[in-house]
Amino acid sequence: MEAEGQDFYSRPASAKQRTGPANPMGYGCRNIGFNGDTGEVESLLLHTNPISIAQRSKTISRHPAQLCSAVTECIEAVRDIAFEILELLAEGLRIPDKKVLSRLIRDRESDSVFTMNHYPCCMEGNKERNAVRAALP
């Protein structure tokens, strides 16, 4: 996943923009930061539906099958952890059906999204500037 991300974000802006504007899914780049912390964030937002991932991979990667596989594996791993956390939360809240919360994200047609962010280095002369390193919801 990391190698695919590095490959994508190392391309020129025009190549990244061919993946489609973030509307809401796709590639986007914006300035972020307040109070002296400034920077840029590039993001690639994908729906977690496997068919959507396979289609988008063709415009994102030079190796679409590899990207599709990497994104799908990452989504499944995160989803499994989320299921476990939500089921433990339901259990802790003494909800009789402990899967009631995890069902919200279990469906492959859910509104879950996958985002891959990149925070480019901010340089001023020979020094790295104070840059925002975390995304806000």
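When reading the values below, keep in mind they use all heavy atoms of this one structure, side chains included, and skip hydrogens, waters and symmetry mates.
Connection of Val100 to Leu86 is established within a shared hydrophobic cluster, with ILVMFWY side chains joined at heavy-atom distances below 4.5 Å, either directly or through further cluster members. Clustering ILVMFWY residues whenever any of their side-chain heavy atoms sit less than 4.5 angstrom apart, transitively, puts Leu67 in the very cluster that holds Leu46. The same ILVMFWY cluster, assembled from side-chain heavy atoms under 4.5 Å apart, contains both Phe8 and Ile75.
The shortest heavy-atom contact between Ile105 and Phe83 is CG1-CE2, 3.6 Å. His47 approaches Ile53 most closely through the heavy-atom pair O-CG1, 3.4 Å. Nearest heavy atom pair, residue Met1 against residue Cys74, reads SD-CB, 4.4 Å. Ser112 approaches Arg79 most closely through the heavy-atom pair CB-NH2, 4.3 Å. Across Thr59 and Thr19, no two heavy atoms sit closer than the pair O-CG2, 3.1 Å.
Counting only heavy atoms from C-beta outward, the side chains of Val78 and Phe114 never approach each other to under 4.5 Å. Side-chain atoms of Tyr27 and Tyr9, non-hydrogen and from C-beta on, do get closer than 4.5 Å to each other.
Leu93 CG: more than 12 foreign heavy atoms inside a 6.0 Å radius.
Applying the salt bridge (charged side-chain N to carboxylate O under 4.0 Å, His left out) rule to pairs touching residues 7-20 yields Asp7-Arg11, Asp7-Arg62, Lys16-Glu42, sequence neighbours excluded. Identified under the side chain to side chain donor-acceptor pair (under 3.5 Å) test for residues 93-104, with sequence neighbours left out: Glu87-Ser102, Asp97-Arg103, Ser102-Arg106.
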**OP:** Evaluate side-chain hydrogen bond (donor to acceptor under 3.5 Å, both in side chains) for Ser43 paired with Arg30, printing each intermediate quantity in order.
**Re:** CA-CA 9 Å; Ser43 58; Arg30 63 187 170 115; 5.9 Å; no
**OP:** Could you go through the side chain to side chain contact (heavy atoms under 4.5 Å, CB included) check for Ile60 and Leu44 one step at a time?
**Re:** CA-CA 9 Å; Ile60 296 168; Leu44 187 59; 3.7 Å; yes
Original post:
Yes or no on side-chain hydrogen bond (donor to acceptor under 3.5 Å, both in side chains) for Ser61 and Glu4, after CA distance, side-chain angles and deciding distance?
Top reply: CA-CA 7 Å; Ser61 179; Glu4 287 292 329; 2.8 Å; yes
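For His63, the ring-ring contact (aromatic ring centres under 6.0 Å, His included) criterion is met by no residue, not counting sequence neighbours.
Counting only distance, with no hydrogens or angles, the side chain of Arg56 and the backbone of Met25 share a donor-acceptor pair below 3.5 Å. A donor-acceptor pair under 3.5 Å links the side-chain atoms of Ser10 to the main chain of Gln6, judged by distance alone.
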